[in-house]
Amino acid sequence: MTEKLHTPVIAWFDAHARDLPWRRPEAGPWGVMVSEFMLQQTPVSRVLPVYEEWLARWPRPADLAKEAPGEAVRAWGRLGYPRRALRLHGAAVAITERHGGDVPTDHAQLLALPGIGEYTAAAVASFAYGQRHAVLDTNVRRVFARAVTGVQYPPNATTAAERRLARELLPADEKTAARWAAASMELGALVCTAKNEGCARCPIAAQCAWRLAGKPEHEGPPRRGQTYAGTDRQVRGKLLAVLREAHAPVPQAVLDRVWHEPVQRARALDGLVTDGLVEPLAGGLYRLPLS
DNA sequence: GAGTCGTGGTT
DNA sequence: TAACCAAGACT
């Protein structure tokens, strides 16, 4: 059963994989790790220019570790979820202190780094070091949901059943497993997308349980929509945008202009300080964190 | 386990 | 146009 998936998907990957900079040999484990942080909830097209900038500026973990965390936040630009920049900086510090400046090869040691969870630990171990891990991201989950389980979409949160399935489908051979991880993810990213699934281009359309069932529509509760306008997140984004552009401490009065409602504005700024994304100074001044 | 956390392109 | 979506992590 499983070989009927592995072989065509990997062959398709060999023919259609995108030439992404973090897939080139010269990227190395650090390049893979940086890309994985940036790609969390963020499209490839927006990551590409920032990735190139980061790797040119900080080619090794120790280079980033020497910087102020605020510089990482500034260089993050408008990628979104700027706590990732802080965590990546923290991971670089930990790698420099605990692992001699080299991205660890061990899954448990990767998982212990800030900003690295179940997915990213498996992804770095697999993509950078060729190890055998179930790499279960939103693309792979969708491919499995359709091809194997026969439903349009996976559950909102990753389930034990999905993890078990991913382990069962993992090729025994280490190199093949790593190839399969990248290939199944790419298939979900390019062909078996959330909307407009491209069955005509799919290498496993003939075996796809969902297609064979007549592509039944998703049942159950609507898949959570995330509103943004008017939320604290939007206010945080506006505040941080001002601080990213500034190269000197910013007075409170300048920050006050980004949002009219004072209670929400104060709550958002306080949250940024709590998260370590903003450093308050004496005299009502604010800046990106120096330490 | 449900909420929170950015941003911009696509439909 | 409002909603959906994009290689999740953390509390």
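Each chain gets a letter, A, B and so on, in the order its sequence line appears, and its residues count up from 1.
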Report all interatomic pairs (protein N or O, nucleotide N or O of nucleotides 9-11 of chain C) with separations under 3.5 Å.
{"residue": "C:dA9", "atom": "OP1", "partner": "A:G117", "partner atom": "N", "Å": "2.9"}
{"residue": "C:dA9", "atom": "OP1", "partner": "A:T120", "partner atom": "N", "Å": "3.0"}
{"residue": "C:dA9", "atom": "OP1", "partner": "A:T120", "partner atom": "OG1", "Å": "2.5"}
{"residue": "C:dA9", "atom": "OP2", "partner": "A:Y119", "partner atom": "N", "Å": "3.4"}
{"residue": "C:dC10", "atom": "OP1", "partner": "A:G115", "partner atom": "N", "Å": "2.6"}

Candidate nucleotides B:dG6, C:dA7, C:dA6, ranked by approach to the side chain of A:A189 - the nearest: C:dA7

Rounded P spacing from C:dA7 to B:dG3 in Å: 23 Å

A:R233, nearest nucleotide to its side chain (from C:dA6, C:dA7, B:dC5): B:dC5

Reported CH2-to-SG distance for the pair A:W210 and A:C199, which is rounded to 0.5 angstrom: 6.5 Å

Atom-to-atom span, CG of A:L240 to P of B:dT7 - whole angstrom: 7 Å

A:W22 vs A:M33 side-chain heavy atoms within contact, under 4.5 Å: no

Distance, P atom - from C:dT11 to B:dG6, rounded to whole angstrom: 14 Å

A:R60, CZ atom: more than 12 neighbouring heavy atoms under 6.0 Å: no

Of A:D232 and A:P43, the one whose closest DNA chain B nucleotide lies more 5': A:D232

Salt-bridge present (A:E197, A:R142; N to O < 4.0 Å): no

Residue whose nearest DNA chain B nucleotide is more 5′ - A:D275 or A:R78: A:D275

Under 3.5 Å, which N/O atoms of the protein pair with N/O atoms of nucleotides 9-11 of chain B?
none

Check: A:R57 and A:E71 side chains under 4.5 Å, non-hydrogen atoms: yes

Rounded distance (nearest 0.5 Å) linking atom OG1 of A:T120 with atom CG of A:L113: 10.5 Å

Over 12 foreign heavy atoms within 6.0 Å of CD, A:E217: no

Closest to the A:Y153 side chain, choosing from B:dC5, C:dA7, C:dC5: C:dC5

Among B:dG6, C:dA6, C:dA7, the one nearest A:N139 by side-chain distance: C:dA7

Ring centre gap for A:W54 and A:W76 strictly below 6.0 Å: yes

Side chain of A:R18 - closest among B:dT7, B:dC5, C:dA7: C:dA7

Any A:N139 side-chain heavy atom under 4.5 Å of A:V143 side chain: no

Length of the line joining A:L190:CG and C:dA6:C1', which is rounded to integer Å: 13 Å

